[in-house]
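Side chains included, hydrogens not; waters and symmetry mates left out as well; all remaining heavy atoms used. These figures come from a predicted structure and were not determined experimentally.
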Amino acid sequence: QVQLVESGGGLVQAGGSLRLSCAAAGLRFSDYTMGWFRQSPGKERELVVRFSRSGLITFFLNSVKGRFSVTRDNARNTVYLHMNSLKPEDTAVYYCAASGTYQFPTSIASYDYWGQGTQVTVSS
């Protein structure tokens, strides 16, 4: 059974940093494309970053380029989203997701598994 569990969200002031974690159980990163999404109130869920089965980044949302990065720890079966220079507009629930079918999945429907999400709130 595949399970994704996010953690690391919280309240931070603008300009601060957070590291989100996504612990995966029941899957191997080499078999799945992974993505981080976010959803703000009243907005659609959007893809923030996507990385391939080999760990290469294949998509980065323009508004977070240069501020966010991702790493993957295969030994811990965990992926991380490092968020720096946070802005109030980064406030959202952040989700990690896994796609076993598509190489470059962008839509929500193309991901097979989702975590429960973790709230990130950036105060001005």
Side-chain angles (χ1 to χ4, degrees):
Q1 182 179 359
V2 175
Q3 190 174 19
L4 302 175
V5 179
E6 302 97 335
S7 61
L11 174 63
V12 64
Q13 289 187 333
S17 299
L18 282 174
R19 186 187 75 168
L20 305 184
S21 302
C22 172
L27 63 78
R28 295 184 302 182
F29 290 139
S30 58
D31 295 332
Y32 287 84
T33 298
M34 300 297 295
W36 281 98
F37 284 76
R38 69 184 183 185
Q39 187 167 20
S40 303
K43 295 186 178 180
E44 293 186 355
R45 192 171 300 186
E46 63 179 352
L47 180 63
V48 176
V49 61
R50 179 186 64 215
F51 47 104
S52 69
R53 299 172 187 193
S54 61
L56 295 177
I57 294 174
T58 57
F59 176 87
F60 238 132
L61 188 66
N62 282 335
S63 60
V64 306
K65 283 182 181 178
R67 301 188 296 119
F68 289 14
S69 62
V70 291
T71 56
R72 189 174 83 178
D73 186 335
N74 290 332
R76 296 180 183 271
N77 227 32
T78 301
V79 296
Y80 302 96
L81 179 64
H82 306 266
M83 306 186 297
N84 299 310
S85 302
L86 283 161
K87 303 176 181 181
E89 50 264 43
D90 294 319
T91 294
V93 178
Y94 284 73
Y95 301 88
C96 70
S99 175
T101 305
Y102 301 98
Q103 188 176 5
F104 302 108
T106 301
S107 68
I108 296 171
S110 56
Y111 285 81
D112 304 300
Y113 302 103
W114 291 84
Q116 83 287 353
T118 186
Q119 176 71 47
V120 171
T121 303
V122 184
S123 63
S124 58

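- Annotation: side chain of Asp90 is in contact with side chain of Arg67 (closest heavy-atom distance under 4.5 Å).
- Pairs of residues two or more places apart, or lying in two chains, never qualify as ring pair (Phe, Tyr, Trp, His ring centres under 6.0 Å) while including a residue from residues 78-108.
- Evaluation of the side-chain hydrogen bond (donor to acceptor under 3.5 Å, both in side chains) rule for Ser17 yields Asn84 as partners, not counting sequence neighbours.
- A continuous path of hydrophobic side-chain contacts links Ile57 to Val48 [ILVMFWY only; heavy atoms under 4.5 Å].
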Output, in order, the C-alpha distance, side-chain angles, deciding distance and verdict of side chain to side chain contact (heavy atoms under 4.5 Å, CB included) for Val120 and Leu18.
-> CA-CA 9 Å; Val120 171; Leu18 282 174; 3.9 Å; yes
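- Applying the disulfide bond (SG atoms under 2.5 Å apart) rule to pairs touching residues 23-95 yields nothing, sequence neighbours excluded.
- Applying the disulfide bond (SG atoms under 2.5 Å apart) definition to pairs two or more places apart or across chains, none involves residues 41-95.
- Within the structure, ring pair (Phe, Tyr, Trp, His ring centres under 6.0 Å) contacts touching residues 40-73 (residues at least two apart or in different chains) do not occur.
- Residues satisfying the ring-ring contact (aromatic ring centres under 6.0 Å, His included) criterion with Phe37, sequence neighbours excluded, are Tyr111, Trp114.
- Counting only residues at least two apart or on different chains, no salt bridge (Lys or Arg N to Asp or Glu O under 4.0 Å) pair has a member in residues 95-120.
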What's the verdict on side chain to side chain contact (heavy atoms under 4.5 Å, CB included) for Leu86 and Gln13, showing C-alpha distance, side-chain angles and the deciding distance?
-> CA-CA 8 Å; Leu86 283 161; Gln13 289 187 333; over 6 Å; no
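- When the side-chain hydrogen bond (donor to acceptor under 3.5 Å, both in side chains) test is applied to Ser107, the partners found at least two apart in sequence or on another chain are Ser110.
- Here salt bridge (Lys or Arg N to Asp or Glu O under 4.0 Å) pairs that include residues 115-124, with residues two or more places apart or in two chains, number zero.
- Residue pairs satisfying the salt bridge (Lys or Arg N to Asp or Glu O under 4.0 Å) criterion with at least one member in residues 43-56, sequence neighbours excluded, are listed as follows: Arg38-Glu46.
- The closest side-chain heavy-atom distance from Leu4 to Leu27 is below 4.5 Å.
- Under the 4.5 Å side-chain contact rule for hydrophobic residues, Leu81 and Leu11 do not share a cluster.
- Nearest heavy atom pair, residue Ser21 against residue Thr78, reads CB-CG2, 4.2 Å.
- Considering only residues two or more places apart in sequence or on other chains, Ser54 meets the side-chain hydrogen bond (donor to acceptor under 3.5 Å, both in side chains) condition with Ser52.
- Identified under the salt bridge (Lys or Arg N to Asp or Glu O under 4.0 Å) test for residues 71-89, with sequence neighbours left out: Asp73-Arg76.
- Put simply, the side chain of Thr91 gets close to the backbone of Val122: a donor and an acceptor are under 3.5 Å apart.
- Side chain of Glu6 to main chain of Gln116: a donor-acceptor pair is present (N/O by atom type, distance under 3.5 Å, no hydrogens or angles).
- The CG atom of Asn77 sits 10.0 Å away from the CZ atom of Arg28 when rounded to the nearest 0.5 Å.
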